[in-house]
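We count residues from 1, following the sequence as given.
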Amino acid sequence: MKSLLNIWLFLFCEILFGQTTQIGLSYTNSFPVYELNAAAPLRNPWTGGMNAVKVNQLDLNNDGSNDLLITDRTGNSILTFEKQGISQSWIFNPELKKSLPPIQDWVVVKDYNLDGKPDIFSSSVNGIRVYQNKGYINNTLDWELVTPLILSDYGQSNLNLFVSRVDIPGIEDIDNDGDLDILTFYILGTCVEYHRNMSIEQYGHADSLVYRLESDNWGVFTENATSNSIQLNDSCGRFADGERHAGSTLLPYDLDNDGDKDLILGDVSYSEALFLINEPQNGRDIIINTPATYPMAWNSVGIPVFPTLSAIQANNDSLPDLIIGANTDNQSRNSGRTLLMFRGEPGNFHFTGGETPFLSDEMLDFGRNSFPHLCDLDNDGDQDLLVGSGGRFIPSNQPGEEGNYLASIALFENTGNQNAPEFRLRQTDLASLSTLNAQHLAPACADLNGDGRKDMILGLADGRFRIYFQNNGPIPFQFNTTNAIELQSDAGELATPLLYDLNADGLYDIISGSRQGDFKVFYNQGSTSAPAFSGSPNITGFGNAETIEEGVSNNGFSSPGLISMNGNIQLISGSARGSFFLWPNPLNTQNLGIPDSLISFIDEGRNTSVSTADLNADGFPDFISGNGRGGLTAYLGGIPTSTTNIEQQVVKLFPNPAKSHFNIQLPYSINNNKLTILISSVTGTIVKALPWDGLPIHCENLAPGVYAVTLINSDGQTLFTQKLLKLNQ
């Protein structure tokens with residue numbers, strides 16, 4: 001019986017995980033995009049947008065120059081840029097992510113052991129984990145997890161060196177002894193703790209992370225519990241009534257070149273970054289009033305809310321520059337100037353140069369939750385591009401009041417051809433749809449009234465749809481807003497429609513996704529000249545397909561698209577996880593099959609949407625993807641790459657059998673950002689899917705039985721599949 005079970009498990013894993021994807025996807029920047037009336041294309045249009053970012057710098061590909069590592073809290077996204085060309089411009093290169101270990105929330109890059117190789121400090125369970133840079137293997141960085149959680153001697157015992165997940169600590173050599181110390185707000189906020197690294201004192205070198213709480217009131221100041229005002233010469237009274245201040249970013253930096261570390265401080269709910277000047281007294285760091293002779297320009301440095309702070313060499317001179325982004329995607333600027341640079345200038349005071357946008361003005365960004373749709377709107381034979389969104393953030397004019405998210409539809413005309421698309425922005429607010437004051441607009445188009453022009457249907461936040469007919473005249477892209485049809489349909493929250501003749505009656509039907517993650521179908525019961533749809537879906541749970549994944553999100557955020565492969569029309573969808581789901585069976589109202597979630601394993605952070613078309617006439621569908629950050633990413637379709645199985649290397653899944661948790665040990669050569677664990681039942685159902693960060697995987701909520709555990713990297717490669725026996729606790 002045991003041998004039969006083993007044979008059955010082998011066959012099960014071969015069937016479930018041995019399938020190869022029908023299409024391979026690779027990121028492309030080859031489709032030029034022009035803003036309104038622009039003579040030159042955007043440098044990095046298909047970056048995917050930015051919301052809540054922090055910038056670091058290190059050489060990711062061993063070419064001798066530093067690249068950019070940008071972390072975005074929206075979906076724990078990672079953006080990497082390479083310095084290229086004579087002009088030394090920054091070019092988006094997602095391939096560089098392969099040189100990164102699993103990271104989340106925030107990253108600070110610092111060489112803690114002084115070996116000339118910058119290491120990574122990152123968020124870990126209200127604390128800090130550290131990866132040591134071991135150098136390059138085939139021009140790819142190799143990392144070792146030195147500690148999953150830094151401890152510090154708080155006086156009586158070693159405890160977790162506390163850093164709130166919403167904060168970013170200051171990691172710098174505060175006492176100028178050669179090793180890296182840490183500044184962080186204490187657990188209830190208001191004052192800064194100084195955790196001194198004792199590596200030099202105890203061992204005579206900097207390669208250890210041995211901390212003790214040197215001061216619970218570094219700088220002898222407090223930050224107000226309910227504002228960002230600073231009280232100098234304060235003994236840091238701890239609030240007994242439970243008041244607290246939550247949310248701060250710290251950047252220790254010698255602003256005035258006097259040999260000690262000053263502090264740049266960002267604060268939740270406030271725009272300005274505070275420049276705090278340190279003037280040590282009797283060997284103790286003391287924050288003082290900024291002298292009148294210091295630059296007034298510092299008082300105007302900031303971002304609309306909760307600044308993140310980074311000092312890097314961002315331009316072509318040798319001086320560090322100050323890069324400021326937002327540390328939250330809530331009530332924060334989410335398009336346009338989301339990342340600012342304040343140039344470093346020669347002299348005694350740094351960062352006095354003028355404010356300029358950095359990177360964010362070179363990419364497409366529509367706010368939050370972008371929804372692309374490819375469609376030949378002008379009937380010239382190539383695909384134009386509509387983009388809806390969940391809204392650009394509009395701050396309130398009244399202090400203390402929350403701002404608003406305002407959605408619109410952007411229109412890009414394809415001025416290239418069927419072999420080489422070129423997109424030019426023609427309208428930022430198609431049909432003045434921003435007047436709807438909507439927080440969600442998802443477009444799709446088809447000729448719904450038989451006049452030869454493509455019409456537009458919009459999915460709304462409350463699950464309804466609205467149809468706009470394109471004017472039948474000589475001027476394209478003009479939609480009639482006076483005879484719009486509002487459908488009292490119920491597709492679920494954040495409706496995302498797709499138009500397709502599902503029942504082959506010559507009329508376009510609606511297939512819609514939603515926040516809930518399933519798909520509903522509304523049949524067109526009108527005529528070729530007058531569409532009509534019922535309020536209730538004709539099919540709920542279309543094809544038994546859904547994008548909800550246990551352990552990832554309670555919502556699925558389904559957004560349907562179609563892909564044509566081998567003569568079959570298949571359903572594809574974005575998801576809350578930030579990847580794509582492709583169902584292998586042709587469109588079938590009853591059963592679309594088990595999703596092939598290995599479709600190049602795209603990872604855009606969260607809330608992806610997708611539209612497909614053969615944009616370069618090579619026979620493979622290409623993809624335009626939206627995501628929660630509000631930007632777009634372009635992918636070329638092609639022959640799928642083969643997967644790589646590393647089971648022959650030193651891979652351990654332990655303990656196995658498991659009761660409450662298990663872990664995976666990989667060889668150091670397998671260091672890939674955004675690894676994902678899939679746990680599947682013997683029926684092929686994915687019961688748990690979650691990003692893997694090197695920490696134990698909890699399985700106490702799984703029923704006892706046999707499961708398949710699969711580890712997948714960001715290229716869609718299955719690194720290994722092993723069976724797991726789950727026991728009762």
Trainee: Is the closest basic N to carboxylate O distance between D181 and K261 below 4.0 Å?
Mentor: no
Trainee: Between the side chain of Y270 and the main-chain N/O of S229, is any donor-acceptor distance below 3.5 Å?
Mentor: no
Trainee: Specify the closest pair of heavy atoms between H195 and Y211, including all atoms of both residues, with the distance to one decimal.
Mentor: O-CD2, 3.6 Å
Trainee: So does D329 pair up with R368, basic N to acidic O under 4.0 Å?
Mentor: no
Trainee: Side chain of T222, backbone of T190: donor and acceptor closer than 3.5 Å?
Mentor: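 No: the side chain of T222 does not pair with the backbone of T190.
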Trainee: Below 4.5 Å, heavy atoms only, C-beta onward: do L632 and S370 meet side chain to side chain?
Mentor: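 Side-chain contact under 4.5 Å: yes.
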Trainee: Does T608 reach the main-chain N or O of G574 with its side chain, forming a donor-acceptor pair under 3.5 Å?
Mentor: no
Trainee: In terms of side-chain heavy atoms, does K97 have a donor or acceptor partner in T80 at a distance below 3.5 Å?
Mentor: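 T80 and K97 do not have a side-chain donor-acceptor pair below 3.5 Å.
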Trainee: For a quick test of reading the model, state the closest non-hydrogen atom pair linking D285 to P280 and the distance between them.
Mentor: OD1-CG, 3.6 Å
Trainee: Looking at N66 and D59, would you say the former's side chain and the latter's main chain have a donor-acceptor pair under 3.5 Å?
Mentor: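 At least one qualifying donor-acceptor pair exists.
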Trainee: Between S434 and L406, what is the shortest heavy-atom contact and its length?
Mentor: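 Scanning both residues completely, I find the closest heavy atoms to be O-CD1, 3.4 Å.
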Trainee: Main chain of I264, side chain of D262: is a donor-acceptor contact present, judged purely on distance under 3.5 Å?
Mentor: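 No: the side chain of D262 does not pair with the backbone of I264.
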Trainee: Less than 3.5 Å apart, any donor N or O on the side chain of T633 or E604 sitting next to an acceptor on the other?
Mentor: yes
Trainee: Any side-chain to backbone donor/acceptor pair from N44 onto E362? Under 3.5 Å, distance only.
Mentor: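 Not at all, since once roles are kept as given, no pair shorter than 3.5 Å links the two residues.
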Trainee: For the pair D173 (side chain) and G178 (backbone), establish whether a donor and an acceptor sit closer than 3.5 Å, ignoring hydrogens and angles.
Mentor: yes
Trainee: Can you see whether N404 engages N437 through a side-chain donor-acceptor pair at a distance of less than 3.5 angstrom?
Mentor: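 Yes, side-chain donor-acceptor contact under 3.5 Å.
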Trainee: Enter the distance from K110:NZ to N56:CG here, rounded to the nearest 0.5 Å.
Mentor: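 Between K110 NZ and N56 CG, I get 9.0 Å after rounding to 0.5 Å.
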Trainee: Would you give the length of the straight line joining atom CD1 of I174 to atom CH2 of W218, rounded to the nearest 0.5 angstrom?
Mentor: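 These two atoms lie 6.0 Å from each other.
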Trainee: Which pair of heavy atoms, one from L263 and one from P252, lies closest together, and at what distance?
Mentor: CD1-N, 4.0 Å
Trainee: So do E345 and D317 actually touch side chain to side chain, heavy atoms under 4.5 Å?
Mentor: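 No. Closest side-chain heavy atoms not under 4.5 Å.
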Trainee: As a test of understanding, state which of I286, L276, D234, I288 forms a side-chain contact (heavy atoms from CB on, under 4.5 Å) with F221.
Mentor: L276
Trainee: Do you know the tightest heavy-atom contact between Y405 and G391?
Mentor: CD2-O, 3.8 Å
Trainee: Given H350, which partner from the list W298, Y253, F275 fulfils the ring-ring contact (aromatic ring centres under 6.0 Å, His included) test?
Mentor: Y253
Trainee: Whether the D72 and T74 side chains hold a donor-acceptor pair (N or O, under 3.5 Å, no angle test) is what I'd like checked.
Mentor: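 Yes, T74 and D72 have a side-chain donor paired with an acceptor closer than 3.5 Å.
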Trainee: Only one of T71, D105, N76 forms a side-chain hydrogen bond (donor to acceptor under 3.5 Å, both in side chains) with S123, so which one is it?
Mentor: D105
Trainee: State, without any angle test, whether N327 and R73 hold a side-chain donor-acceptor pair at a distance under 3.5 Å.
Mentor: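 There is such a pair (donor and acceptor under 3.5 Å, judged by atom type) between the side chains of N327 and R73.
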Trainee: When you measure from the side chain of N93 to the backbone of E82, do you find a donor-acceptor pair of N or O atoms at a distance under 3.5 Å?
Mentor: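 Flag not set: sc N93 to bb E82 has no pair under 3.5 Å.
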Trainee: I need the minimum non-hydrogen distance between N315 and M341, along with the two atoms involved.
Mentor: ND2-CE, 4.2 Å
Trainee: Kindly compute the distance separating CG (D167) from CG (N126), expressed to the nearest 0.5 Å.
Mentor: 9.5 Å
Trainee: Between the main-chain N or O of Q104 and the side-chain N or O of S122, is there a donor-acceptor pair closer than 3.5 Å?
Mentor: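 A pair under 3.5 Å: yes.
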Trainee: Is the backbone of G302 close enough, under 3.5 Å, to the side chain of S271 for a donor and an acceptor to pair up by distance?
Mentor: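 Absent.
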Trainee: Picking from V108, I120, L209, what satisfies side-chain contact (heavy atoms from CB on, under 4.5 Å) with V130?
Mentor: L209
Trainee: For the residue pair C191 and D216, establish whether any side-chain heavy-atom pair is separated by less than 4.5 Å.
Mentor: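 No. Closest side-chain heavy atoms not under 4.5 Å.
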Trainee: Say you draw a straight line from CZ of F185 to CD1 of I187; how long is it, rounded to the nearest 0.5 Å?
Mentor: 14.5 Å
Trainee: Side chains of V163 and W106: closer than 4.5 Å at any heavy-atom pair?
Mentor: yes
Trainee: Does any non-hydrogen side-chain atom of L68 lie less than 4.5 Å from one of V55?
Mentor: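 Yes, at least one pair of side-chain atoms sits under 4.5 Å.
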